[in-house]
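Here's the structure, in structure tokens; my notes come after.
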Amino acid sequence: MDVSHIFDPLNDAQREAVAAEPGPLLVLAGAGSGKTRVLTHRIAWLIEGHQVSPFAILAVTFTNKASREMRGRISELLDMPSSGIWMGTFHGLCHRLLRMHFEEAGLPQSFEILDSDDQYRLIRRVLRELDLDEAYWPPRQLQWMINNHKEEGRRPHHLPEGNDLQQQTLYKVYANYEELCQRFGLVDFAEILLRTLELLKNNQPLRETYQQRFQHVLVDEFQDTNSIQYQWLRLLAKQHNNFFAVGDDDQSIYGWRGARVENLLSFEKDFPGAQVIRLEQNYRSTGNILNAANAVISYNSDRMGKNLWTEESEGLPIRLYAAVNEVDEARFVVDQIQSWVEKGNRRDEVAILYRSNAQSRVFEEQLLSHGMPYRVYGGLRFFERAEIKDALAYLRLISNQNSDPAFERIVNLPTRGIGNKTLETIRGIAREDEISMWQATNKVIREESLPPRALSAVIRFIELIDQMSRDTQSLELAEITDHVLKTSGLLEHYQKEKGERAQGRVENLEELVNAARNFVVAEEEELDDLSLFLSNAALEAGEGQAEEWEDCVQLMSLHSAKGLEFPLVFLCGMEEGLFPHQRSLEESGRLEEERRLCYVGMTRAMQELYICYAEIRRLYGREHYTQASRFLTEVPKEYIEDIRSSNISRPIFRSSITNEESPLAKLQPGRHVRHQKFGEGMVDLVLRGRENMPVFRLTFLTLVPSG
DNA sequence: GGGTTAACCTTTTTT
DNA sequence: AGGTTAACCC
């Protein structure tokens, strides 16, 4: 059989990994070293070279995007569909298992997925029921703690029995929350993973079936696995012991949400006799960029160690720009992009990267005023928008009337005279009788235990939902959605709303009907289309749905840039406190993760890398004098070209300079001034600060302070 | 029940 | 600063 298409495009290390004998294998794949290629070619080789059935392969990724891409590449390589392979995200695959074995997992067939917003609301409800004050027990924090425990596999009864109020309250909230979820068949994201793990652990026949079935287990971005995910992988790979993990300890940037690099660091211990292969040739960046990134990451300890190299030429030096403030920074960046485009390059080859999403605004304003198209990644996803969640809540209620989160969301939207008083009564009964809000409402109606006005409003609501379920029985998914939007009054409600935003909301709702129309159910599934659509909406909140492939500048956080590459990259906001982020400086052990993030950012660049920082930055409405990021000092000078024209880098407020001839408000670049401390200087740039006060950047004739 | 004002919060993000 | 959310008033 001809396997040249599998092996020819590979270098020696890649080939070694792809063709490795069965057994545990860790591929340490540096940035830009072709890890996805190794993974896909490995799968192709298993199928074509070893005649492994696609059904015996389990391949796990972290994002739906990565999974789609891999699937595409494999079918290209094999020249046939790769549908047999169990490939997907941890959550996607576990969800599938839970759907197939809902009974064994102790779930109702119609169990629902809670996204983090639903989860937050539910936790607040628990707080209300326990009569706890949100001010003392912030729901966000409780949510975070509960998820942390779940991600470590701890159920409420595993928690240490603390004597302090803190521990006891956490326990109470967690236990109550779990009880509610269990009673109404609600499953949050962490639960999907934990429930699946427990299912396999406790159910021997099922466990053995899958252990037998999966002859090969492969995982991408292994450094990002959390404790539960790793246990799940190990359990499934146990029988055949063919565990193929690809990862890079230097790109572990999700420790803050439970990812454990330790899984990677202890791989050889956990899998005795494991092979480790390093992919160290980088095919992405120029020599300067790669060397600089290598230098920065070398400041970290606890690395597995890797030496990335490239055959590329040095390329251009990294350009460093010290901006006066964030506006100057943005202006500089956009200027550079403009000349990049004028040279005949594409805009979508350019990425503006930043540490936190709030930074995007200044860039957006600047891009907008230059009429340059751009796209911001991150921010609210389609299925997370309020109006979409409202519409989905109607659909959920039709599909499962006992869904309390859905009930609460839309019972009075649009308003139909069911106010808080009424709802409190219903909630009380639901809690008392341990029944759902829907059931409680029906009970209230039977017993007529509400004032007449509220009672009739409630009856109308129940009838509306009942009527909608009946009317949509035999309809297609898209027609159901359309029907629900119209008869619920939701569409009308948003149409009546005024303002620019309302327009977009109506469009989004219409887009939802489209999404429903385009939703294809893969293979035979035991569940109805509607339930599958709803699960999918939660699991795949959606990378923006329909993408206009316009030639746009790309704006995104450093986190979302992982896995991508761009010919021209701007790494912005390189300031202490912003990057590394203040919060990471306060917690010990987080600094190295920030440095890895910096490494990830730098290694996104293929040809040109600009690094910028602002000396004054407005943050949360306050102006801060900044200090350049420590990561900058970690880049050896030889790779950097400082392109700020002046040789002193402090912007000067007018209070500290004097000029005899003209009023300060009229100072223009080129004028000579005297600074109290630095002596003679020349105005280099004038900017407008707060209340339009001028801020000057000066070039000094001497560097010796005179005072 | 709707509209207005006051209080609050603010890292990164996938599922 | 800016945005959201909760409390408050008519």
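Chain identifiers are assigned alphabetically (A, B, ...) following the order of the sequence lines, protein sequences preceding nucleic acid strands; residue numbering begins at 1 within each chain.
Listed by chain and residue number, Asn263(A) satisfy the side-chain hydrogen bond (donor to acceptor under 3.5 Å, both in side chains) test with Thr225(A) (two or more places apart in sequence, or in another chain). In this structure, the side-chain hydrogen bond (donor to acceptor under 3.5 Å, both in side chains) partners of Asp115(A), at least two apart in sequence or on a different chain, are Lys389(A). Every residue two or more places apart in sequence or in another chain that forms a side-chain hydrogen bond (donor to acceptor under 3.5 Å, both in side chains) with Arg630(A) is listed here: Glu576(A). Annotation: side-chain hydrogen bond (donor to acceptor under 3.5 Å, both in side chains) contacts of Tyr354(A) (sequence neighbours excluded): none.
Judged by distance alone, the side chains of Asn508(A) and Tyr494(A) never bring a donor and an acceptor atom under 3.5 Å apart. Judged purely by distance below 3.5 Å, without hydrogens or angles, the side chains of Ser535(A) and Arg99(A) pair a donor atom with an acceptor atom. With 3.5 Å as the limit, one finds a donor-acceptor pair spanning the side chains of Arg140(A) and Gln143(A).
As rounded to whole Å, 14 Å separates atom C1' of dT10(B) from atom CZ of Arg622(A). The interatomic distance linking Glu384(A) (CD) with dT13(B) (P) rounds to 11 Å, in whole Å. The interatomic distance linking Lys65(A) (NZ) with dT15(B) (P) rounds to 10 Å, in whole Å. Regarding Asn226(A), its CG atom lies at a distance of 14 Å from the C1' atom of dT13(B), rounded to whole Å. Rounded to whole Å, the distance from CG on Leu93(A) to P on dT15(B) is 13 Å. In this entry the distance linking CG of Asp224(A) with P of dT15(B) reads 12 Å, nearest Å. Rounded to an integer number of Å, the gap from Trp144(A) CH2 to dT10(B) P is 14 Å. dT4(C) atom P lies 14 Å from atom CZ of Arg121(A), rounded to whole Å.
Within the cation-pi definition used here (under 6.0 Å to the ring centroid, within 45° of the axis), Arg595(A) does not qualify as a partner of Tyr599(A). By the 6.0 Å and 45° rule, Arg385(A) does not stack over the aromatic ring of Phe382(A).
Mapping Phe62(A) and Ser584(A) onto DNA chain B via the closest heavy atom, the residue that lands nearer the 5' end is Ser584(A).
For the segment residues 255-262 of chain A, the set of residues with a heavy atom within less than 4.0 Å of an atom of DNA chain B comprises Trp256(A), Arg257(A), in numerical order.
The residue Asp115(A) sits apart from the nucleic acid: no heavy atom pair falls under 4.0 Å. Residue Tyr620(A) is classed as a base contact, given a heavy-atom separation below 4.0 Å to a base. As judged by a 4.0 angstrom heavy-atom cut-off over every strand, Ser560(A) is placed among residues touching the sugar-phosphate backbone only. Across all strands, Phe90(A) comes closer than 4.0 Å to no nucleic acid atom at all (heavy-atom distances). Within the nucleic acid shown, Arg361(A) comes within 4.0 Å of sugar-phosphate atoms alone, with no base atom in reach, counting heavy atoms only. Across all strands, Arg590(A) comes closer than 4.0 Å to no nucleic acid atom at all (heavy-atom distances).
Aromatic ring pairs are classed by plane angle as parallel below 30°, tilted from 30° to 60° and perpendicular above 60°; the pair Phe570(A) and Tyr610(A) is parallel.
Residue side chain His581(A) meets the stacking definition with respect to dT11(B): its ring centre sits within less than 5.5 angstrom of the base's six-membered ring centre, and the planes differ by less than 30 degrees.
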Across nucleotides 1-9 of chain B, 5' to 3', mark each nucleotide with B, S or - according to how protein heavy atoms within less than 4.0 Å reach it.
SS-------

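Residue Asn357(A) has a polar side-chain atom (N or O) positioned under 4.0 Å from OP1 or OP2 of dT12(B). The phosphate of dT11(B) has neither OP1 nor OP2 within less than 4.0 Å of any side-chain N or O from Ser557(A).
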